[in-house]
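Below you'll find the structure, written out as structure tokens, and then a few comments.
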Amino acid sequence: VLPLFVSPTALGQLANARGEVCQAEACAAHEIPYMVPHIGSCPWAEVQAAANGHGLARGSNLLQVYLPRNQDELDGVLAQARALQFCAIAVTVDAAVMGKRDKDLAARRALRLASSPAAPIGSAALSTAPRSSNPGKWDSSFSWADLHALQKRAGVPVVLKGVQRGDDAVRAALAGVPAIVVSNHGGRNLDRARASLDCLVEIDSALRAAGVRDSIVVMFDGGVTRGVDVAMALALGADYVGLGRLVLWGVAAQGAAGASRIIEMIADELADAMRLLGCADIAELNRQGDWLQRRHARM
Ligand SMILES: Cc1cc2nc3c(=O)[nH]c(=O)nc-3n(C[C@H](O)[C@H](O)[C@H](O)COP(=O)(O)O)c2cc1C
């Protein structure tokens, strides 16, 4: 079993006309979970059908969720998560509000100019740029108390994506959260955010110190571009390592085949890295953690 998953990247049709179906097919072919983005380009049912059509067992994928402020809408999302047999919802908690994304603003201006060439360049475009994608729609006040309510209401396990501190990870474990994703949204939401690999080191030791490491699955993403990066994250405490942009680039280049090729390359590189480290299995790789942590601390 590959210790990999594919992270959600919204609006997949910007990369390929078949959108998230590409990632779903590639993940199914490699039997790894896909965390389907809430803000996708394709209906979730289509994405799940593509995965199952490629032989992925039902209940293997997760649905990434942003919490809508509107409670009926939230119930609709939860109902779909259950009906489409996602194994869990992964609530993104590192994007309570939209960060200042200069490139997105620039791209929006460029798109607007391209679609209406006569539009004046400069301040008019700037002043009309929305401050966030849809400021009123999402609930930015999600708290631990809300988590308990959501767990009761969801009817599927609730995973937290974007955990960055040891104390939060311990609290999640104690709250019965089955898995966390250590992530900082790929550094896209807060400039100067800590690297998620640094967060992983803190989280791993906090979970161990609290005696709850075995009660929670630790997923990790952020900046993985080589198999050796996967080995490093596994050794530093991850159970599963996510690929976001890397697979998205594969989709942009060659659709589902491109995504599949990327996963294959990373799996091959991971196998080679493990051979070179003298690790026969992932458990042995985990045991290299202490040495790597010391080395990572010096870097
Ligand atoms: C284009 C793009 C769109 C993303 N959209 C989402 C999203 O909708 N929801 C979410 O939780 N994370 C989103 N992310 C963050 C990724 O899931 C992931 O955490 C991050 O990119 C780090 O992984 P990577 O370095 O392998 O890309 C997005 C990232 C990118 C690059």
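Whatever order the structure lists them in is the order used to number ligands and atoms, beginning at 1.
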request  = May I ask you to identify, for Met35, whether its side chain, its backbone, both or neither come under 4.0 Å of ligand 1 on a heavy-atom basis?
outcome  = neither
inquiry  = For atom 6 (C) of ligand 1, what's the nearest protein heavy-atom neighbour? Residue, atom name and distance, please.
reply    = Pro8 O, 3.4 Å
message = Give the atom numbers and elements of ligand 1 that come within less than 4.0 Å of a heavy atom of Gly222.
response = 22 (C), 23 (O), 25 (O)
query = How close does the nearest protein non-hydrogen atom get to atom 26 (O) of ligand 1, and which residue and atom is it?
reply = Gly244 N, 2.8 Å
ask   = Looking at ligand 1, does any of its N/O atoms fall within less than 3.5 Å of an N/O of Arg188?
value = no
request  = Please report the C-alpha distance between Asn184 and Ser196 in whole Å, then the side-chain angles of each, then the deciding distance to 0.1 Å, and finally whether the side chain to side chain donor-acceptor pair (under 3.5 Å) criterion is met.
outcome  = CA-CA 6 Å; Asn184 66 11; Ser196 52; 4.7 Å; no
request  = For the pair Asp204 and Arg208, find out whether any cationic side-chain nitrogen is under 4.0 Å from an anionic carboxylate oxygen.
outcome  = yes
ask   = Within a reach of under 6.0 Å around CD of Glu31, are more than 12 heavy atoms found that belong to other residues, nucleotides or ligands?
value = no
task = Do me a favour and list the nearest non-hydrogen protein atom to atom 31 (C) of ligand 1 with residue, atom name and distance?
result = Arg245 CG, 3.4 Å
request  = Find all atoms of ligand 1 within a distance of less than 4.0 Å from any non-hydrogen atom belonging to Ser7, and give their numbers and elements.
outcome  = 17 (O)
ask   = For ligand 1, is any non-hydrogen atom under 4.0 Å from Thr9's backbone (N, CA, C, O), its side chain (CB onward), both, or neither?
value = both
ask   = Salt bridge between Lys100 and Asp191, side-chain N to carboxylate O under 4.0 Å?
value = no
Under-4.0 Å salt bridge between Arg213 and Asp239 = yes
inquiry  = Does any N or O of ligand 1 fall below 3.5 Å from an N or O anywhere on Ala10, backbone included?
reply    = yes
N-O pairing of Lys161 and Asp94 below 4.0 Å = no
task = Measure the spacing between CD of Gln48 and OH of Tyr34 and express it to the nearest 0.5 Å.
result = 10.0 Å
ask   = In terms of residue, atom name and distance, what is the protein heavy atom nearest to atom 9 (N) of ligand 1?
value = Tyr66 OH, 2.9 Å
request  = Have a look at ligand 1 and work out which part of Gln64, if any, has a heavy atom under 4.0 Å from it: side chain, backbone, both or neither.
outcome  = side chain
query = Under 3.5 Å, is there a donor-acceptor pair between the Thr92 and Gln64 side chains?
reply = yes
task = Output the distance between atom CG (Leu150) and atom NZ (Lys152), rounded to the nearest 0.5 Å.
result = 11.0 Å
query = Given that the side chain starts at C-beta and the backbone is N, CA, C, O, which of these parts of Lys161 lies under 4.0 Å from ligand 1, counting heavy atoms, or is it both or neither?
reply = side chain
query = At a non-hydrogen distance cut-off of under 4.0 Å, which region of Ser183 contacts ligand 1 (side chain, backbone, both, or neither)?
reply = side chain
query = Does an N or O from Gly223, backbone or side chain, lie closer than 3.5 Å to an N or O of ligand 1?
reply = yes
query = Of the protein's non-hydrogen atoms, which lies at the shortest distance from atom 19 (O) of ligand 1, and what is that distance?
reply = Asp221 OD2, 2.8 Å
query = Considering only the protein, which heavy-atom contact is closest to atom 11 (O) of ligand 1, and what is its distance?
reply = Thr92 OG1, 2.7 Å
request  = Count the heavy atoms of every other residue, nucleotide or ligand shown that sit under 6.0 Å from CZ of Arg226, and state whether that count exceeds 12.
outcome  = no
